[in-house]
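All values below were derived from every heavy atom in this structure, side-chain atoms included, with hydrogens, water molecules and symmetry-related copies excluded. Note that ligands are numbered from 1 as they come in the structure, with each ligand's atoms numbered from 1 the same way.
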Amino acid sequence: MVLSLDRWVGKVAVVTGCASGIGAGIAEFLVDQGLIVVGLDRRCELVQELAKKLSGKKGQLHAVKADVSKEEEVVEAFKWVEDNLGPVHILINSAGVAKENFLYNGDAAQWRATLDVNVLGVCIATREAVKSMVGNNINGHVIHINSVAGHKVPNWLGINIYTASKYAVTALAETLRQELNHLGSKIKITSLSPGLVATEMTTLNTGVSEERQAMLKSMPILQPQDIAEAIGYVLSTPENVQIQELTIVPLGETF
Ligand code: NAD
């Protein structure tokens, strides 16, 4: 499926939420392809372990500790990247949270925390990356890891504010596309919307109810490397082609 990632070899890609799951899978894939990847996560020690595992590959992985819901930490992280590795060419917003909760009786602090990471975190990291790209005349690429839940509401008990946060990501991708067009910029923006993927957010999460665990385990599921290869495809398109939205689901997905 991947065309060629040659033009990105040696370039800097920031991947948020890189400690596990989809973000870790994408980081591994991009390092294999020869990119300089910065894994930005609040669980920095896990990114460091991944970096050790990937040493000796064509590219490199650098771990940077930052909580995407804390503006000053994200600004500081991007400054570190520019000072130490150079301008940002690619941003992949993969950091995200989904807490089992309900709208009819849930906890507002938990809803706010979800919006802070899934919506504001995406906005802040994107602003910093686009600033770096525009300031250095780079025709970069921003990819939001959205979800099928950003386009339709799956009938899953406990999904609460997560779907609204992902609908927001759909809107953010299109709004940024229009802003970049208005600027006359050649920076690309893609919303990539996976169906169910085996990660700590889903089948590898032991902290959810048995009912939810059983439901997740009964469904067809993708692996993080499936998403990483789709990222490879999106990044490998010719300069005049933009994949605006890519939905990728396991064969047989039922919701
Ligand atoms: P995951 O829990 O394995 O990965 C999420 C990562 O984000 C973790 O490494 C976590 O440490 C990091 N993170 C969370 N809050 C953070 C914060 N405040 N600052 C920095 N890092 C933070 O789950 P995943 O499935 O790999 O999720 C990645 C993205 O994919 C999310 O945006 C999620 O909404 C989306 N997604 C997941 C699925 C799925 O089925 N797993 C489906 C569609 C979309």
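Contact between T16 and ligand 1 is absent, with no heavy atom of the residue lying under 4.0 Å from the ligand. At least one heavy atom of N146 sits closer than 4.0 Å to an atom of ligand 1. Within the structure, ligand 1 has K166 among the residues with a heavy atom less than 4.0 angstrom away. Ligand 1 is approached by S94 to a heavy-atom distance shorter than 4.0 Å.
For ligand 1 and V97, the ligand atoms under 4.0 Å from any heavy atom of the residue are 14 (C), 15 (N). The V117 neighbourhood of ligand 1 comprises atoms 15 (N), 18 (N), with distances under 4.0 Å to a heavy atom of that residue. Those atoms of ligand 1 that come under 4.0 Å of a heavy atom in T202, given as number and element, are 39 (C), 40 (O), 41 (N). Proximity to E200 (heavy-atom distance under 4.0 Å) selects the following atoms of ligand 1: 2 (O), 3 (O). Near A95, meaning under 4.0 Å from one of its heavy atoms, ligand 1 places the atoms 7 (O), 21 (N), 22 (C), 32 (O). Those atoms of ligand 1 that come under 4.0 Å of a heavy atom in G21, given as number and element, are 3 (O), 26 (O). Close contacts of ligand 1 with A19, meaning ligand atoms under 4.0 Å from a residue heavy atom, involve 9 (O).
The residues R127 and E71 are annotated as salt-bridged, a charged nitrogen and a carboxylate oxygen being separated by less than 4.0 angstrom. At a threshold of 4.0 Å, the pair K79-E76 does not count as salt-bridged, since none of the basic side-chain nitrogens sits closer than that to a carboxylate oxygen. By the 4.0 Å N-to-carboxylate-O rule, E49 lies too far from K52 to be salt-bridged with it. Note on R43 versus E200: salt bridge recorded, some NZ/NE/NH1/NH2 to OD/OE distance being below 4.0 Å.
Aromatic ring pairs are classed by plane angle as parallel below 30°, tilted from 30° to 60° and perpendicular above 60°; the pair H62 and W80 is tilted.
Remark: minimum distance from atom 43 (C) of ligand 1 to any protein heavy atom is reached at P194 O, 3.3 Å. The protein heavy-atom contact nearest to atom 36 (N) of ligand 1 is Y162 OH, 3.7 Å. If you check which protein heavy atom lies closest to atom 27 (O) of ligand 1, you get M201 CE, 3.8 Å. Summary of contacts: the protein heavy atom closest to atom 16 (C) of ligand 1 is R42 NE, 3.4 Å. Protein heavy atom nearest atom 1 (P) of ligand 1, with residue, atom name and distance: S20 OG, 3.5 Å. In terms of protein heavy atoms, atom 42 (C) of ligand 1 is closest to G195 O, 3.1 Å. Atom 24 (P) of ligand 1 has T199 OG1, 3.4 Å as its closest protein atom, hydrogens excluded (heavy atom only). Closest to atom 11 (O) of ligand 1 among all protein heavy atoms lies D41 OD1, 2.7 Å.
Connectivity analysis of hydrophobic side chains (ILVMFWY, heavy atoms under 4.5 Å, direct or indirect) links V119 to L103, W111, L115, L120, V122, I161, L172.
You'll find the side chain of H141 reaches within 4.5 Å of the side chain of V234, heavy atoms only. K65 places none of its side-chain heavy atoms less than 4.5 Å from the side chain of E73.
Counting only N and O atoms by type, the side chains of T170 and N146 include a donor and acceptor under 3.5 Å apart. Side-chain contact annotation: E229 with Q225, donor-acceptor N/O pair under 3.5 Å absent. With 3.5 Å as the limit, one finds a donor-acceptor pair spanning the side chains of S165 and N118. For S191 and Q244, the side-chain atoms include no donor-acceptor pair closer than 3.5 Å.
For I22, heavy-atom contacts with ligand 1 shorter than 4.0 Å involve the backbone as well as the side chain. When non-hydrogen atoms are compared, ligand 1 lies under 4.0 Å from the backbone of D67 as well as from its side chain. Proximity of V197 to ligand 1, defined as any heavy-atom pair under 4.0 Å, is shared by backbone and side chain alike. Contacts between P224 and ligand 1 below 4.0 angstrom, taking non-hydrogen atoms only, are absent altogether. Contacts of R43 with ligand 1, taken as heavy-atom pairs under 4.0 Å, involve the side chain alone.
Of the options P250, G17, A66, G96, the smallest heavy-atom separation from atom 20 (C) of ligand 1 is shown by A66.
Annotation: N155, atom CG; neighbour count of heavy atoms from other residues, nucleotides and ligands within 6.0 Å does not exceed 12.
Every residue meeting the side-chain contact (heavy atoms from CB on, under 4.5 Å) condition with V153, not counting sequence neighbours, appears here in chain and number order: T163, Y167.
Taking any N or O of C18, backbone or side chain, none lies under 3.5 Å from an N or O belonging to ligand 1. Considering both main-chain and side-chain atoms, S147 never comes within under 3.5 Å of ligand 1 through any nitrogen or oxygen pair.
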Using the rule given for side chain to side chain donor-acceptor pair (under 3.5 Å), can you reason through N101 versus Q110, listing the C-alpha separation, both sets of side-chain angles and the distance that settles it, and then say yes or no? CA-CA 8 Å; N101 192 341; Q110 213 175 74; 2.7 Å; yes
